Amino acid sequence: MEKYNPTKVEKKWQKYWERKKVFKTEEKSTKKKFYCLDMFPYPSGEGLHVGHPRGYVATDTFSHFKRMRGYNVLHPMGWDAFGLPAENYAIKTGIHPKITVEENIKHFKEQLKSIGFSYDWSREINTTDEEYFKWTQWIFIKLFERGLAYEDTRPINWCPSCKTGLANEEVVNGLCDRCDFQVEKKDIRQWVLRITEYADRLLEDIGEVDWPEPIKEMQRNWIGRSEGGDVQFSVKDTEEVIEVFTTRPDTLFGATFLVLAPEHRLVKKILNREIKVDNVKEVADYEKKARKKSDLERTDLAKKKTGVEIKGVKAVNPINNEEIPIWVADYVLGFYGKGGIMSVPAHDERDYEMAEKYNLEIRRVINGGDLPYLEEGEMVNSGEFTGLCSKKGKKDVLNKLIELKKGEKTVNYKLGDWVFSRQRYWGEPIPVVHCKACGIVPLKEKDLPLKLPETEHYEPTGTGESPLAKIEEFVNTICPKCNEKAKRETNTMPQWAGSCWYYLAFIMKEESEKLEFPISRYKESFRKWLPVDLYVGGAEHAVLHLLYARFWHKFLYDIGVVSTKEPFYRLKNQGLIMGEGGIKMSKSKGNVISPDEVVENYGADVLRLYEMFLGGFEDKVAWSEKGVSGMKRFLDKINENAKKTGDSSVKDLDPLLHQTIKKATEDIESFKFNTAISSLMNLNNEMKRLDVVPKEAFTVFIKLLAPFAPHFAEEMWEKIGKEPSVFGELWPEFSEKLIKEKKINIVFQVDGKVRDTKTVFSGIDKKEMKKMALENERVKKWKIGKKIKKVVIIKDKLLNIVTE
RNA sequence: GCCCGAGUGGCGGAAUUGGUAUACGCGGCGGAUUCAAAAUCCGCUGGUGGCAACACCUUGAGAGUUCGAGUCUCUCCUCGGGCACCA
């Protein structure tokens with residue numbers, strides 16, 4: 001009989017699935033729903049590498065599994081196609097990004113199809129389609145109408161290489177996340193989304209989802225909630241007040257100086273000579289130097305503290321009217337809290353360092369270990385509060401300040417509002433106009449989408465203006481409100497916008513092939529399909545896409561569009577795939593492996609099996625060509641077994657078969673695909689030893705294999721005379737009783753050392769075990785001349801004779 | 001510096017959660033088949049000692065708890081990942 005030929009067979013089944021619509025999501029169905037989603041790709045010019053499909057294979061395997069378990073599964077795919085590579089390519093070649101994107105998508109789709117994923121392609125979406133991004137614009141308008149999108153001109157992160165503003169989330173260690181260029185501060189007008197409004201809910205609800213703990217922790221840290229209070233220090237002999245935020249009101253008596261950030265409002269006043277001080281020049285010099293430093297330099301690790309005292313002014317501590325000096329130092333950040341701090345050197349590392357360097361007073365107010373002492377403890381040197389513990393002190397001191405009208409309880413967040421505008425071409429135009437009479441006016445629903453204008457000049461201007469600003473036909477328009485001449489907004493949205501709601505678009509496709517207004521027609525479908533039950537993608541989106549999408553979802557919940565608080569219920573991150581020998585795959589090293597070559601040489605099923613077998617799903621793993629061939633052998637051996645199926649008794653195989661069903665079921669459910677495959681290999685090896693493979697057992701085996709190797713499974717299914725498709729079958733159930741009929745090894749130990757083992761049927765009783773042990777020759781030998789102290793017996797496992 | 005995660009054969013990795021450590025796969029060795037090779041099949045494969053039966057040792061290092069520890073506790077080392085002047 002012929003050998004298994006993947007190329008021919010896989011094409012055959014792919015065509016069959018497509019023709020029979022085997023994996024199309026059922027629209028009217030009484031089955032329970034399961035929404036299984038991949039983080040959709042940016043269709044880059046390079047195409048897929050073997051790292052991409054790792055997550056896709058996992059969700060696809062899981063989708064098959066769920067279908068066979070009787071669920072109606074929604075498993076869609078789409079394209080996150082706005083972004084800089086296509087735009088940069090357009091600048092270089094003059095080819096419109098739309099064309100590039102179209103070609104890339106075509107290529108990606110061919111690659112995905114060759115692997116035989118069971119996507120419902122009828123729900124495919126593309127974020128750069130006008131019918132798609134009119135909805136992205138619609139959501140923006142809703143945000144604007146609720147005051148959650150606003151214009152601002154605070155200094156923001158600016159990447160001089162990408163020539164656009166960036167969100168905080170896109171800056172990593174002071175470098176642009178995309179191109180690793182050093183980010184600058186720049187004052188440009190921008191659109192900002194008030195994500196901080198949702199900080200508490202984003203924090204609270206993260207407890208309710210089934211996500212990897214590290215990702216949850218990263219979001220918590222990024223939001224960075226801290227509770228404390230604002231304290232007002234007056235500036236002696238002036239009307240000025242300096243407000244500081246502290247989480248430790250209990251250390252207020254230890255505040256021996258104040259420190260202002262160089263950006264502080266008061267420093268500006270001093271430089272403008274609005275407040276008289278003795279050393280303006282010195283302060284001005286320091287401020288100038290600090291301003292020149294990049295964020296990277298300012299927040300550099302282990303950097304020495306610097307600062308200048310502002311001479312001729314004193315601050316007054318509201319709790320005891322003590323007069324303390326005021327400093328300006330760049331270790332205090334202008335954008336966090338109040339831009340100024342009370343410095344408590346005895347109980348804060350940074351303040352301690354500062355005080356040491358400039359010989360400032362260090363006064364202990366909390367009892368405990370060496371200074372700086374950062375823990376809580378008993379308050380000392382604290383007037384009427386002396387003797388209290390920190391916990392109570394925090395409240396009492398704050399209450400006293402409130403009473404004195406010198407403070408209030410406050411909460412601060414590290415999370416900042418989301419800088420949402422980009423000064424680039426290839427993004428969704430922000431759908432508002434600027435009207436002299438009416439101010440900022442959003443477009444009407446019927447005027448969406450606001451299309452991207454055609455141009456031949458995609459280059460970013462670098463001035464903080466978008467390239468759209470040069471296109472007069474686009475800029476000049478009419479105000480939707482008063483019909484007078486007005487100008488369009490020319491910034492575009494960031495790459496993240498389209499991915500904030502795409503999981504909803506797949507659901508909307510159920511209702512209408514085109515995504516059409518109004519929103520109300522989709523609400524029932526949202527109710528039916530949300531939340532996404534399983535979401536799989538890389539961990540790199542922890543505080544970007546995953547935070548942004550949660551924010552938009554919560555907003556859509558508030559305006560009654562969706563009915564769940566969270567978009568993604570269970571999240572899994574796939575680990576990286578490294579090249580041969582654990583070296584990172586890269587074009588320059590020439591070690592990038594394309595799934596195409598694997599599919600060509602071994603077939604899609606081998607690729608799929610290997611991707612799932614090479615290690616724990618969330619672990620970093622190294623690709624090995626040799627390992628791939630192991631999967632090929634596995635399939636060949638199954639093929640051989642198929643040839644010798646026949647009607648024979650299943651009895652001997654039953655316990656192993658049912659154990660394998662159990663193991664595969666549980667392992668798939670918990671994403672342990674590697675051990676699920678191992679157990680299938682075990683069963684296959686066992687069947688191989690038989691002269692005749694019981695057809696019944698083999699049938700079950702093929703069902704278990706089907707989610708991992710769908711084409712091959714269909715072929716085997718047909719070969720043993722079954723009607724396709726195997727995916728119309730229900731997942732096998734296991735019998736706990738049959739598993740127990742298995743022969744097992746029990747272990748005899750003497751003093752904790754294994755001395756012999758014996759094969760018995762499980763369920764043997766303890767007395768019997770003990771008798772067998774005491775009669776065992778090897779056991780006898782080891783306990784000769786020793787008194788038995790006790791005998792430990794674990795049912796069906798082990799017996800340990802402990803001697804004195 | 002702080003917070004997670006992980007260290008198991010020559011390699012990728014298992015271990016029902018405290019009960020035979022090294023399942024499964026790769027590689028290696030020996031044999032069968034072959035004119036020969038590939039492929040395939042059968043056997044062996046943690047280390048040390050021993051002709052052997054067998055014994056001892058072994059899950060990053062060291063201690064502890066336990067009849068019994070890869071698994072629990074403490075100390076330390078190494079490698080990944082995240083955060084990093086956030087008051």
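For clarity, every value in this text was computed on a predicted model and none was experimentally measured. Throughout, a chain's letter reflects where its sequence line sits, starting with A, and its residues are numbered from 1.
Within residues 681-689 of chain A, the residues that have a heavy atom under 4.0 Å from RNA chain B are, in order of number, A:Met681, A:Asn682, A:Asn685, A:Lys688.
Close to B:C54, at under 4.0 Å from its OP1 or OP2, lies no side-chain N or O of A:Arg755. Regarding contacts with the backbone of B:C26, a side-chain N or O of A:Arg633 is found under 4.0 angstrom from either OP1 or OP2. Close to B:C54, at under 4.0 Å from its OP1 or OP2, lies no side-chain N or O of A:Trp782. Put simply, A:Lys753 has a side-chain N or O that comes within less than 4.0 Å of OP1 or OP2 on B:C57. Contact check, A:Arg248 against B:A87: no side-chain N or O comes under 4.0 Å of OP1 or OP2. Considering only side-chain N and O atoms, A:Ser679 lies nowhere under 4.0 angstrom from the phosphate OP1 or OP2 of B:C24.
If you check every strand for non-hydrogen atoms under 4.0 Å, A:Asn745 touches a base. Looking at heavy-atom distances under 4.0 Å, A:Ser629 makes no contact with the nucleic acid at all. If you check every strand for non-hydrogen atoms under 4.0 Å, A:Leu614 touches sugar and phosphate atoms only. Across all strands shown, A:Lys414 has heavy atoms under 4.0 Å from base atoms, whether or not it also approaches the sugar-phosphate. A:Thr247 comes within 4.0 angstrom of the backbone, heavy atoms only, and of no base. Here A:Val344 lies out of heavy-atom contact (under 4.0 Å) with every strand. In this structure, A:Lys620 reaches the sugar-phosphate backbone alone: every heavy-atom distance under 4.0 Å involves primed, P, OP1 or OP2 atoms, never a base. At a threshold of 4.0 angstrom between heavy atoms, the contacts of A:Asn674 are confined to the sugar-phosphate backbone, with no base atom among them.
Comparing A:Val621 and A:Arg778 along RNA chain B, the residue whose closest nucleotide (by nearest heavy atom) sits nearer the 5' end is A:Val621. Nearest-nucleotide positions on RNA chain B place A:Val747 closer to the 5' end than the other of A:Thr246 and A:Val747.
If you take atom C1' in B:C24 and the same atom in B:C72, they sit 28 Å apart, rounded to whole Å. Here, B:C57 and B:G68 have their P atoms 14 Å apart, quoted to the whole Å. B:G60 and B:A37: their P atoms are spaced 42 Å apart (whole Å).
When atom types are taken as modelled, the side chain of A:Asp417 and the backbone of A:Ile195 share a donor-acceptor pair closer than 3.5 angstrom.
Between A:Phe613 and A:Phe673, the gap from one ring centroid to the other reaches at least 6.0 Å.
Counting heavy atoms from C-beta on, the side chains of A:Phe734 and A:Lys663 never come closer than 4.5 Å.
Aromatic ring pairs are classed by plane angle as parallel below 30°, tilted from 30° to 60° and perpendicular above 60°; the pair A:Phe245 and A:Tyr336 is perpendicular.
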- Message: Only Watson-Crick and G-U wobble pairs with both distances less than 3.5 Å should count. Give RNA chain B in dot-bracket notation, marking inter-strand partners with |.
- Response: (((((((..(((......[....)))((((((.......))))))((((....))))..(((((..]....))))))))))))....
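In summary, A:Glu736 and A:Lys662 engage in a salt bridge, as defined by a charged side-chain N under 4.0 Å from a carboxylate O.
Glycosidic conformation at B:U17 (O4'-C1'-N9-C4 for purines, O4'-C1'-N1-C2 for pyrimidines): syn, within 90° of 0. Taking the syn range as angles within 90° of 0, the glycosidic angle of B:G10 is outside it, so the base is anti.
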